[in-house]
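All values reported here derive from a predicted model rather than from experimental measurement. In what follows, residues are counted from 1 in the order of the sequence shown.
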Amino acid sequence: MLRIALDAMGADNGVTPVLDGLISALSAKDFKVFLIGDENPIKACLDSKNLDSKLLNNIEIIHTDDYIKMTESASNATRRSETSIFKAIELVKDDLADACVSAGHSGATMSLATLKIGRISGVLRPAICTCMPTITENKSLILDAGANTDCKPEFLVHFAIMGYEYAKCVLGYENPRVGLLSNGEEDSKGNELTKQTFKMLKDFEFFKGNVEGSDIFNGSVDVIVCDGFMGNLVLKASEGVASSIGRILKDEAKKSFKRMFGFFLIKPALRALKMKMDYAEYGGAPLLGIKKPVIISHGKSNARAIECALYQAMRAYETKICDRITEAFMALEGSSLDSNVG
């Protein structure tokens, strides 16, 4: 049976959405979960749900009341072995759990996963891989979305390889197309980082060249590669735009009866749009380049986001994405391209 270590602490809204999401996932899928956190609020919440014994048998609580707060430095994570995320990562490291999910301190999760579980051989830096909505049926991927703010061209080449493998293996895209985020599609566009990266990526068959911000959403490519600073800005800006559009539409609808009537007519379409834009439907962001699946969820994750993050961890494990990335880098080793990126 698949085993997942779930960090119950550190999320913006406490343990309740974490447990609600877990219960929904356990009701749909058969897996075992190690629930790491303060057993007092956890047990109180579980007791209030009147869960059946079969479901409860798949939950093992590992008590700790320490966790890395969002305001703390990620460097604290390695020095405090009693925190929830430390214990969760340790379970994966020791092969007691197959994957880890956390909506707590993302920096702490990245640091501990890299240090304890370790990077895949050949990977210079792990990357956060985030799904984005497009006008097509397929999602697009952005990486890095925040793990590495200062990057070398070699890092971006590795992000491209990992993104390609994730899109093909986990999302099921037959021939994923990879683009390099720049300020124009022309080969000569970009800053020094993107220009050097372009030269290294141009020999890969999956590489389609430079892309602009609009290409993230129009489906012209499947994977968009950039440094973590730019990727995180794109991610936060997109979340802000999606939220603002919904607010603007509601405010405009209230200005007249005619607008309100029109708003109700298109409400089903708006509901579908909201679902497509909702980060909760994507669950979390896998940390690619680590030897085992680690999913980083948004700090403000609701129950649906946690549920989807657990599904994402299952899918990563079942598709053996870490093994696929390992194989890709083994194939790269010793090639002429490897000498360029090493």
Any donor and acceptor pair, going by atom type alone, linking the side chain of [X] with main-chain N or O of [Y] inside 3.5 Å?
X    : Y    : answer
Q312 : G284 : yes
S111 : A108 : no
D12  : S301 : no
T64  : E82  : yes
D144 : A147 : yes

May I ask whether [X] and [Y] are part of the same hydrophobic cluster, defined by side-chain heavy atoms of I, L, V, M, F, W, Y residues being less than 4.5 angstrom apart, directly or through others?
X    : Y    : value
L193 : F229 : no
L156 : F198 : yes
F31  : Y311 : yes
L46  : I62  : no
I295 : L26  : yes

If you define the side chain from C-beta out and look only at heavy atoms, does anything of [X] sit under 4.5 Å from [Y]?
X    : Y    : answer
S140 : M132 : yes
I224 : D215 : no
V234 : T130 : no
L55  : S27  : yes
M1   : D30  : yes
T114 : R119 : yes
E72  : R80  : yes
K32  : E60  : yes

### Task
On the 0 to 90° scale, with breaks at 30° and 60°, tag the Y164-F206 ring pair as parallel, tilted or perpendicular.
parallel

### Query
Do you see a donor-acceptor pair shorter than 3.5 Å between the side chains of S220 and N218?
yes

### Message
Does either side chain, that of N191 or that of T194, offer a donor lying less than 3.5 Å from an acceptor on the other one?
### Response
yes

Nearest non-hydrogen partners of [X] and [Y], listed with the distance:
X    : Y    : result
G190 : K195 : O-CE, 3.2 Å
I306 : A103 : CD1-CB, 4.0 Å
A313 : I4   : CB-CD1, 4.2 Å
A160 : L201 : CB-CD2, 3.7 Å
L288 : G163 : CD1-N, 4.5 Å
A127 : L143 : CB-CD1, 4.2 Å

If you round to the nearest 0.5 Å, how far is [atom2] of [Y] from [atom1] of [X]?
X    : Y    : atom1 : atom2 : answer
T83  : H105 : OG1   : NE2   : 11.0 Å
E327 : C169 : CD    : SG    : 9.0 Å
N138 : Y173 : CG    : OH    : 4.0 Å
E90  : L96  : CD    : CG    : 9.5 Å
M200 : F207 : CE    : CZ    : 12.5 Å
I23  : L56  : CD1   : CG    : 8.5 Å

### Query
Is it true that R304 and E307 make a salt bridge, defined as a side-chain N closer than 4.0 Å to a carboxylate O?
yes

### Task
Might you work through the side chain to side chain contact (heavy atoms under 4.5 Å, CB included) test for L35 and I42, ending with a clear yes or no?
CA-CA 9 Å; L35 193 56; I42 289 174; 3.6 Å; yes

### Query
How far apart are the C-alpha atoms of K116 and T78, what are their side-chain angles, what is the distance that settles it, and do they pass the side chain to side chain contact (heavy atoms under 4.5 Å, CB included) test?
CA-CA 9 Å; K116 296 288 184 179; T78 58; over 6 Å; no

### Query
Apart from V92 itself, what residues make up its hydrophobic cluster, given side-chain heavy atom links below 4.5 Å?
I68, I85, F86, I89, M110, L112, I117, I128, L287, I290, V294, I296

### Query
Does CG in D150 sit with more than 12 non-hydrogen atoms of other residues, nucleotides or ligands closer than 6.0 Å?
no

### Neighbour count >12 (heavy atoms, 6.0 Å) for atom NZ, K152
no

### Query
Please, which pairs that meet salt bridge (Lys or Arg N to Asp or Glu O under 4.0 Å) have at least one residue in residues 216-227, sequence neighbours excluded?
R177-D222

### Derivation and outcome, side chain to side chain contact (heavy atoms under 4.5 Å, CB included), residues F159 and N148
CA-CA 11 Å; F159 299 165; N148 307 275; 3.6 Å; yes

### Query
Under the side chain to side chain contact (heavy atoms under 4.5 Å, CB included) criterion, do D38 and H63 qualify, and how do the steps go?
CA-CA 5 Å; D38 190 337; H63 172 72; 3.6 Å; yes

### Task
Compute both the distance and the angle, then confirm whether K202 meets the cation-pi test with F204: under 6.0 Å from the six-membered ring centre, within 45 degrees of the axis.
no

